[in-house]
Amino acid sequence: MKVKNKPKILVCMSGGVDSSVAAALLLQAGYDVTGAFMVNYDDKEALTSCWRGDYQDALRVAAKLHIPLLRLNFVREYKKAVLDYMYSEYKKGRTPNPDVLCNKFVKFGFWLKKAKELGFGYMATGHYAKISRKLKVESRKLKDFEIKLLQAKDDNKDQTYFLHQLNQSQLKHIMFPIGEYTKDEVRKLADKFGLPTAKKEESMGICFIGEVPMKEFLQKKIKSKKGKIVLNGTKEIIGEHTGVPFYTIGQRIGKEVESRKLKVESDSQSLFVIKKDVKKNILFVGYENDSELLKQEIEVEDVNWISGQKPKLPIKCEVRLRHRQPLQQCHCEAKGNAERSLRRGNLIVKFSNPQKAVTPGQFAVFYTKGMCLGGGTIK
C-alpha cells in the first residue's frame, strides 16, 4: 500500500543485498527515499580503501532505483566510539562486541543525528528486526507511542541481539523494512527488483572493517607479550601464549600447548581457555568438562531497558549470551538493594541450566514473548 504523504527517509546502504532491498521496499511503498553510504573505517596502510567496492555496489543499486546516494564520513566518530573502546576492553582481558557498540553510538547515534540534521523524518537500515509502535496517550497536542523492538521473522538472521542498546528516542525515527522477511525471501525480492546485489555474498567480518582475523587486527594496537599457559587444577605449565588479550573464554587451544607435557591419556582431548590473569599474563586452560567453564549465575552491568522503564525485580525471562544462541530461561534479580541495583544498571542473572564459556565484556540480552527487553555487559 502506497504512503500518501511520502515522508522523507534516509536509507543506509552498505552495498549489500539487505539494505538494497530495504531501499527498494520503501520506494515501492511510496516513501521519498534517499540513500546514504557511510564511510566508517579506512586503513591508510592498505593499497586501496576497504570500502570502495561496497560503495560502487551501493552506487549501482541507487542508479537502478533512480534515487540519490549521499556519501558521508564518520571515520573519526567510529574510531573514538568503537575502535578505541574495543582496544581498551581487550587490553583489560575482556571480549567486547564491536557490532553492539557500532549500533548504539555510530549507526543510531551519529548517523541518526545527521539524518535529522539533513531534514529526514526517518532512517532505515537492512537489519533483521521488527518495530512495534503502540499509541499510549492521544490528545490534540500529544501523541505518545510505546515502541517495542521485536525479533525478526527469520530466527537465524535475527539481529535484535546487536540492537538491544537502543532507546525509545532512537527507535522513534528508525525503520527496519526487511524484518518481516526471511533471508531467502529477501534474495527473491532482490531478483524481482533487478538489483545488482541480488547474488552478493554476505560479509561476516568485523563491523565496517571486513573479514580480518581478530588477533591480526588487534596486534596493530596491542603488543604481543608471551606468557605461561597453565593447566587449570594441576597448575602445570604446558605451553606459551602470545598475549592474554588475544584469547577469549571458551576458545579452543591448539599449537600453543606442548602436549608432551600432558598425561598420555589426556593428549587426545581438546583444551579450552578457562580464565585469564591479565596482571600476571597467565592463560588458564582446561578440558571441556572443567567445572569453571560452566556458570550457574553471572553479574550483568549497565543494563539498558528499551522501554525506558525499569522492571520490578525479580523477573523471569529469557536471555541470549551471544548472537544466534538459543534463548535460555533465566531469573533476574537485584544485586543487594533492588532500587540501588536498578539505578546502577546491575543485575544478577541466574540460569535454569548452567551456561558454558560465559565471556566478560560480551552482552547478555533479555527477551520475553518475542520482544527484546534490553541487555547489559557481562561482568
Side-chain angles (χ1 to χ4, degrees), residues 9-27 33-83 86 97-103 105-108 110-112 114-115 118 123-128 157 159 162 176-178 181 183-184 186-221 323:
I9 185 165
L10 186 70
V11 182
C12 304
M13 299 176 67
S14 66
V17 64
D18 297 328
S19 58
S20 300
V21 170
L25 286 171
L26 290 168
L27 194 65
V33 176
T34 296
F37 182 88
M38 317 300 193
V39 179
N40 299 277
Y41 177 77
D42 202 352
D43 188 351
K44 295 181 180 179
E45 297 177 4
L47 295 176
T48 182
S49 297
C50 60
W51 52 267
R52 290 284 178 187
D54 290 331
Y55 177 53
Q56 292 299 322
D57 287 337
L59 279 172
R60 291 163 63 209
V61 173
K64 174 66 179 180
L65 297 176
H66 304 290
I67 61 174
L69 181 71
L70 308 177
R71 193 176 86 191
L72 304 173
N73 189 299
F74 293 92
V75 171
R76 182 167 50 185
E77 292 86 346
Y78 182 76
K79 179 185 179 301
K80 183 177 180 180
V82 180
L83 293 182
M86 188 173 78
N97 191 311
D99 291 325
V100 172
L101 302 174
C102 185
N103 284 329
F105 297 113
V106 181
K107 291 180 182 175
F108 304 104
F110 298 116
W111 290 10
L112 184 57
K114 175 60 70 173
L118 293 173
M123 187 181 84
T125 68
H127 283 93
Y128 284 86
K157 296 298 297 179
Q159 291 176 296
F162 300 117
F176 299 131
I178 65 170
Y181 300 91
K183 182 70 178 192
D184 287 342
V186 168
R187 290 281 186 193
K188 290 176 182 177
L189 283 169
D191 273 329
K192 176 186 173 183
F193 291 124
L195 301 178
T197 54
K199 305 298 183 184
K200 186 175 180 178
E201 293 184 3
E202 289 185 273
S203 172
M204 303 301 288
I206 307 170
C207 187
F208 295 118
I209 294 169
E211 298 184 33
V212 180
M214 180 59 79
K215 183 177 179 179
E216 179 183 319
F217 184 74
L218 292 174
Q219 285 177 326
K220 293 180 179 180
K221 292 292 182 179
H323 180 44

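- Atom CZ of residue R76 and atom NZ of residue K79 lie 11.0 Å apart, to the nearest 0.5 angstrom.
- With sequence neighbours left out, R71 forms a salt bridge (charged side-chain N to carboxylate O under 4.0 Å, His left out) with no residue at all.
- Applying the side chain to side chain donor-acceptor pair (under 3.5 Å) test to K64 and every residue at least two apart in sequence or in another chain returns nothing.
- The CG atom of D57 sits 10.0 Å away from atom CE of M13, with the distance rounded to the nearest 0.5 Å.
- Residues that satisfy the side chain to side chain contact (heavy atoms under 4.5 Å, CB included) test with A24, not counting sequence neighbours, are L65, F193, L195.
- Exactly one residue among V61, L59, V17 makes a side-chain contact (heavy atoms from CB on, under 4.5 Å) with P196. That residue is V61.
- The two atoms that bring A36 and L72 nearest to each other are CB-CD1, 4.5 Å, heavy atoms only.
- Looking at D18, its side chain never comes within 3.5 Å of a backbone N or O of G16 through a donor-acceptor pair.
- Side chains of V21 and Y181 form no contact here, defined as non-hydrogen atoms less than 4.5 Å apart.
- The two residues I178 and G126 have their closest heavy-atom pair at CD1-O, 3.1 Å.
- Scanning for side chain to side chain contact (heavy atoms under 4.5 Å, CB included) contacts around K188 gives an empty result, with sequence neighbours left out.
- Here the side chains of K114 and E77 are not in contact, with every heavy-atom distance at 4.5 Å or above.
- Remark: Q56 engages no residue in a side chain to side chain donor-acceptor pair (under 3.5 Å) (not counting sequence neighbours).
- Counting heavy atoms from C-beta outward, Y41 and V82 have side chains that stay 4.5 Å or more apart.
- Remark: F110 CZ to C102 SG distance equals 10.5 Å, nearest 0.5 Å.
- Here the closest heavy-atom approach between residue S19 and residue S14 is recorded as OG-N, 3.1 Å.
- The OH atom of Y78 lies 9.0 Å from the CG atom of L101; values are rounded to the nearest 0.5 Å.
- Scored by the ring pair (Phe, Tyr, Trp, His ring centres under 6.0 Å) test, F162 finds H323 as partners (sequence neighbours excluded).
- Listed by chain and number, the residues in a side chain to side chain donor-acceptor pair (under 3.5 Å) with T197 are S20 (sequence neighbours excluded).
- F37 pairs by the ring pair (Phe, Tyr, Trp, His ring centres under 6.0 Å) definition with Y55, not counting sequence neighbours.
- Listed by chain and residue number, K199 satisfy the side chain to side chain donor-acceptor pair (under 3.5 Å) test with D191 (two or more places apart in sequence, or in another chain).
- Here the closest heavy-atom approach between residue V106 and residue A81 is recorded as CG2-CB, 4.4 Å.
- Distance check, rounded to the nearest 0.5 Å: CG of L70 to CG of L10 gives 6.0 Å.
- Taking T125 as the reference, C12, F108, M123, H127, F176 meet the side chain to side chain contact (heavy atoms under 4.5 Å, CB included) condition, with sequence neighbours excluded.
- Note: D99 CG to K107 NZ = 6.5 Å, rounded to the nearest 0.5 Å.
- For the pair A124 and L26, the tightest heavy-atom approach, listed with the atom from each and the gap, is CB-CD1, 3.5 Å.
- Checked against salt bridge (charged side-chain N to carboxylate O under 4.0 Å, His left out), D54 has the following partners two or more places apart in sequence or in another chain: K200.
- Applying the side chain to side chain contact (heavy atoms under 4.5 Å, CB included) criterion to K192, with sequence neighbours excluded, gives Q28, L189.
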